[in-house]
Amino acid sequence: MDTFETVEVLLDVPLHGTFTYLAPHALPAGTRVQVDFRGRKQCGVLVDGVANPALDPAKIKPLAAIFDELPPLPAALLRLIDFVSAYYHYPKGAALFTALPTALRVAQAARLADRRAWALSAAGLADQPPARQRARLALWQALQDGPQTIHDLRAVSAQAPKVLGQWLEEGKAERAEPPSPELEVADGPPLNAEQQAALAAISDSFGRFQPWLLQGVTGSGKTEVYLHLIACALAAGRQVLVLVPEISLTPQLLQRFADRFPVTPIAALHSSLADGERLQGWVDAWQGRAGIVIGTRLSVFVPLPRLGLIVVDEEHDGSLKQQDGLRYHARDLAVWRAHDAAVPIVLGSATPSLETVANVEAGRYRRLLLTTRAHAAASLPQVRLVDTRLLRLNEGLSEPVLAALAKRLQKREMSLVFINRRGYSPVIACPQCGWTSGCKRCSSKLVLHLLQRVLRCHHCGWEEGVPRVCPDCGNVDIQPLGEGTQRLESAIQRLFPEARVLRIDRDSTRNKDAWDEVYRKVHAGEVDILIGTQMLAKGHDFGALSLVVVLGADGGLYSADFRAGERLFSLLMQVAGRAGRAEHRGEVLVQTQWPEHPLYLSLVAQDFDGFATRELAARREAHFPPAIFQALLRADAHEAHEAEAFLGQFKAEAAPWLGEVALFGPAPATMARLAGRERMQLVFECADRRALHRCLNQALPLLERLGRKAGRSLRWSLDVDPTEM
DNA sequence: AGCACGCCGACT
DNA sequence: GTCGGCGTGCTC
């Protein structure tokens, strides 16, 4: 049978290249198949390519099955995967399978609800049922108006499924795409002049690639601009992709979209969806049925045949970067997609990433500013620094902070005390011998959780009992050091016995019921003082807060991580934005030992641009991103010397062809020990992105060779444009 | 990634 | 004499 031909198949294996199989006839790229691979059934996807001529023809097996319940994956997705694989230096098969929903990653046909509608064929139209067949006649008449869903037809007659099945067999009925509902857009609040200007500028760029930075503080109405833009895109028959941080994909946000577009199908892709539901949303988007896709970083891969606009909300947010496996940045891929599809993309943020700021400066992105809070109090909160060097602290709280809390309590207004550290205290220590509660598996301290009476590692999850005496010297007087949310909660409760105090962190809102209860209490006005971590700062709306107190922020000022300042500023701006959304101007108090630090001065002035200009200059001076480009080669093993040897050998062998690329390391990672593994890293730096990628292209075969040669305990990974070092 | 093949220690 | 340790290498 020489009519068989070979096809190239991508598999979910961490190997570069494709595998060759025999197909009974020509099949298009994107076809999902089942193959026999190493004696196991595996799912594969066909791509363009030619068989390796050196391959022994006797080894080529036939395809085990061809899945045709869905059309082949679209060319735009395969193009994106080509780019992702090349840019992140990640095997193409593994990259593709990361992008697919779980239900399409397995060697099984996808099980989907049939959402196609029913229509009459020409033969059916010509064959009007007699009047005595009342159900048939009613269905026939209903179908005169065009395709109908089975749901609507069942309302005409309960026998609809049976009759239509019969008509289908007789060739009188056929399946059709359901009629798309007319666009309906509910009214929103009126736009102010800045919002209107942004809307006009962006909608003017429909139909071509143009990245926009929509920069506006909390409450300036970015979402309202998105909603108007989405309405424009939908009206033009286009689909819209909306990417949001994990933490802001809440029922409240989805409801806001659903309320505005009551009949538009919206595919919401969040992490708690079952495989089947995620598949359904993915396919609805792919088949053009969903008008809007809203989801977290993984949604950047969802195929959209009529894509007209991309929105990336909170584009600076760290959750848009995947930190394991395929380490992609969804914002960057979204920009690539917008370019590929020739559509505009809107990056929204109050505190854009410095990468984006640099792109604006270079003229690649265009910036639109929203400077006024769109509704209610048209003023920004007043931010004040409380210099703790000169003050006695009571349970970690200064006199001005206590006074401010007491004042709100008296006025029955809600306050928020923000401390970015959960648990009771971040470490316990022995004042006699200097022992501290270190994690045995990580280079971190165990955090005291008093309620559960455990010491817990926030990095690897390790838990152990709280020792009564110092394990090293037997001293009975070991003490908690520093503040966490739990300790702050009991301190505040002690200082304000009459206050209704509520703590919100990952520990107190572990399950959904607890979270709903928190939400209900806050909105029912049953809370006077909220205590929480960054869970409280981002995404969730807690209504009217008249006072926000920030504790323990100084740690971000002088960190080894050059991005710590950027993250701190962004977080503090968001926390500050929680104050004064109601009719009163809010107040923000930041307790600090560094009240003259320029970061805080910019915060007091609510001046992101001033902060960004200074920070960007410092990055250029110090040769840090975005002034240069980085890649990070990580290696971990049971013993540090294994990881170091691997990186050292790579560096030695790579030296001759590094060119203008500089290598730094090997050095221990920030968390030198994590979950019992020793971690080392090597940093690639280059002012020229292309030169860096040429270097990485050369590096990869060497890495794979050295990786195979090293012991099985060694693992390595490459992180292009790393955001965490 | 898996998984088999392959060559050296403590056990029925 | 075998069970099994994980080093090495391949997967169409």
- Is it true that the side chains of A/T18 and A/E8 contain a donor and an acceptor less than 3.5 Å apart? yes
- Query: Choosing from C/dC10, C/dC12, B/dA1, which nucleotide comes nearest the side chain of A/F37?
  - Reply: C/dC12
- Query: How close or far is atom C1' of B/dG2 from atom CG of A/D12, stated in whole angstroms?
  - Reply: 12 Å
- Message: Rounded to whole Å, how long is the line connecting atom NZ of A/K41 with atom P of C/dC12?
- Response: 12 Å
- Is the A/F83 ring parallel, tilted or perpendicular to the A/W336 ring (thresholds 30°, 60°)? parallel
- Are A/S717 and A/R327 close enough that a side-chain donor and a side-chain acceptor fall under 3.5 Å? yes
- Task: Would you kindly check whether a donor in the side chain of A/R38 faces an acceptor in the base of C/dC10, or vice versa, at under 3.5 angstrom?
- Result: yes
- Note on the structure: A/Y21 OH to C/dT11 P, in whole Å, measures 11 Å
- From CZ of A/R708 across to P of C/dT11 the rounded distance in Å is 12 Å
- To the nearest Å, how far apart are A/F97 CZ and B/dG2 C1'? 16 Å
- Of the options A/K321, A/H89, A/Q322, which is the one that meets A/D719 in a side-chain hydrogen bond (donor to acceptor under 3.5 Å, both in side chains)? A/K321
- Message: Rounded to whole Å, please give me the gap between CG in A/L714 and P in C/dC6.
- Response: 16 Å
- Task: Identify the two heavy atoms, one from A/R679 and one from A/D636, that lie closest to each other, and give their separation to 0.1 Å.
- Result: CG-CB, 3.8 Å
- Message: A side-chain contact here means heavy atoms from C-beta on lying under 4.5 Å apart; do A/Y87 and A/D332 qualify?
- Response: no
- Message: Need one value for A/L15: base, sugar-phosphate or nothing, where a base atom within 4.0 Å counts as base even if backbone is also close, heavy atoms only.
- Response: base
- Between C/dC12 atom P and A/E5 atom CD, what is the distance in whole Å? 20 Å
- Note on the structure: Which of A/H329, A/R563, A/R331, A/H316 passes side-chain hydrogen bond (donor to acceptor under 3.5 Å, both in side chains) with A/S353? Answer is A/R331
- Within residues 45-59 of chain A, the residues having a heavy atom closer than 4.0 Å to DNA chain C are A/L55, A/K59
- Query: In whole angstrom, what separates A/H16's NE2 from C/dC12's P?
  - Reply: 18 Å
- Task: Within residues 86-94 of chain A, find the residues that approach DNA chain C with a heavy atom at under 4.0 Å, and present them sorted by residue number.
- Result: none
- Message: Could you check, using the six-membered ring where one of them is a Trp, whether A/F562 and A/F624 have ring centers closer than 6.0 angstrom?
- Response: yes
- Task: Begin with the C-alpha distance, continue with both residues' side-chain angles, and end with the deciding distance and a verdict on side chain to side chain contact (heavy atoms under 4.5 Å, CB included) for A/E314 and A/V244.
- Result: CA-CA 7 Å; A/E314 307 293 350; A/V244 298; over 6 Å; no
